[in-house]
A.B. asks: 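One structure follows; several queries about it will come next.
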Amino acid sequence: MIRIAVFPGSFDPITMGHVDIVNRGLKIFDRIIIGIGNNAEKKYMFPLEKREAWLKKTFNHEARVEVKTYNGLTVDFCKKMNSAFILRGLRNAADFEFEKAIAHMNSGIAPEIESIFVLSELKYGALSSSIIRDIIRNGGNASQFLPDAVQPDTL
Ligand code: ADP
């Protein structure tokens, strides 16, 4: 049986932390579908098309990674993709508490889908898209934390 995981997130923008989680996930799963959740209530810094293009460019060399966008519940997207797993990254205890609540709710509504957590590499443990957005908004250079596809001229 092929193991397919969905890695859901906003990726606003994708960071080296996300890349690290996908690379670790590829050791566990045969295929990873990166799902960019499109939530009408949420305000994003970067348009969906840009976030999607950055992800696609970052993983275009990796045939086992696909990038898709979705609306609605992550578990419904998993079912549509024939994925029995949700992959999420953990940086710290706050992430754990947050992710635990989501995973419990998800297993309540879709018990057949398992959430799998992968710890971030130590050097990416303090990295988040929100800090990157702050750096960019204030004119700083965040390129060391971003994959090549998201360099300053693409922002
Ligand atoms: P969301 O809005 O769903 O939290 P994000 O794009 O912020 O979406 O994050 C998607 C996933 O990537 C989450 O599981 C998050 O914990 C994980 N993640 C984000 N940054 C890092 C990082 N630096 N190291 C490990 N995991 C990370």
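As the structure lists them, so they are numbered: ligands from 1, and atoms in each ligand from 1. Please read all numbers here as calculations on a predicted model, not as lab measurements.
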A.B. asks: If you measure every N/O of Thr15 against every N/O of ligand 1, is any gap under 3.5 Å?
C.D. replies: no
A.B. asks: Tell me which protein heavy atom sits closest to atom 8 (O) of ligand 1, plus the residue, atom name and distance to 0.1 Å.
C.D. replies: Ser10 N, 3.0 Å
A.B. asks: To the closest 0.5 Å, what do you measure between NE2 (His18) and CG (Asn23)?
C.D. replies: 13.0 Å
A.B. asks: Any idea which of Lys42, Arg91, Met16, Arg88 brings a heavy atom closest to atom 21 (C) of ligand 1?
C.D. replies: Arg91
A.B. asks: For the residue pair Ile86 and Arg88, establish whether any side-chain heavy-atom pair is separated by less than 4.5 Å.
C.D. replies: yes
A.B. asks: Under 3.5 Å, side chain of Arg91 to main-chain N/O of Leu119, donor-acceptor pair present?
C.D. replies: no
A.B. asks: Assess Gly37 for proximity to ligand 1: is some non-hydrogen atom of it under 4.0 Å away?
C.D. replies: no
A.B. asks: Is Asp20 salt-bridged to Arg24, cutoff N-O under 4.0 Å?
C.D. replies: yes
A.B. asks: Just wondering, are more than 12 heavy atoms of other shown residues or ligands nearer than 6.0 Å to CD1 in Ile109?
C.D. replies: yes
A.B. asks: Identify, by atom number and element, the atoms of ligand 1 in contact range of Phe11, meaning under 4.0 Å from any of its heavy atoms.
C.D. replies: 6 (O)
A.B. asks: Looking only at atom types and distance, does a side-chain atom of Asn38 sit under 3.5 Å from a main-chain N or O of Tyr70, one as donor and one as acceptor?
C.D. replies: no
A.B. asks: Could you identify the single nearest non-hydrogen protein atom to atom 24 (N) of ligand 1 and state the distance to 0.1 Å?
C.D. replies: Ser120 CB, 3.0 Å
A.B. asks: Yes or no: does Glu99 have any heavy atom under 4.0 Å from an atom of ligand 1?
C.D. replies: yes
A.B. asks: For atom NZ of Lys57, is the number of surrounding heavy atoms from other residues, nucleotides or ligands below 6.0 Å larger than 12?
C.D. replies: no
A.B. asks: Counting non-hydrogen protein atoms only, what is the nearest one to atom 16 (O) of ligand 1? Give residue, atom name and distance.
C.D. replies: Gly89 O, 2.8 Å
A.B. asks: Ligand 1 versus Ser128, non-hydrogen atoms closer than 4.0 Å: side chain, backbone, both, neither?
C.D. replies: neither
A.B. asks: Just need the protein heavy atom nearest to atom 12 (O) of ligand 1, so name the residue and atom and give the distance.
C.D. replies: His18 CD2, 3.3 Å
A.B. asks: Is the contact between Ile21 and ligand 1 made by the side chain, the backbone, both, or neither, using heavy atoms and a 4.0 Å cut-off?
C.D. replies: side chain
A.B. asks: Look at ligand 1 and say whether Phe98 reaches it with a heavy atom at a distance under 4.0 Å.
C.D. replies: no
A.B. asks: Taking the six-membered ring of Phe85, is the NZ or CZ of Arg3 close enough (under 6.0 Å from the centre) and on axis enough (within 45°)?
C.D. replies: no
A.B. asks: Between Asp12 and Tyr44 (side chain of the first, backbone of the second, donor and acceptor by atom type, cut-off under 3.5 Å), is there such a pair?
C.D. replies: no
A.B. asks: Write out the residue and atom name of the closest protein heavy atom to atom 11 (C) of ligand 1, then the distance separating them to 0.1 Å.
C.D. replies: Phe7 CE1, 3.7 Å
A.B. asks: Which atoms of ligand 1 have any heavy atom of Pro8 under 4.0 Å away?
C.D. replies: 10 (C)
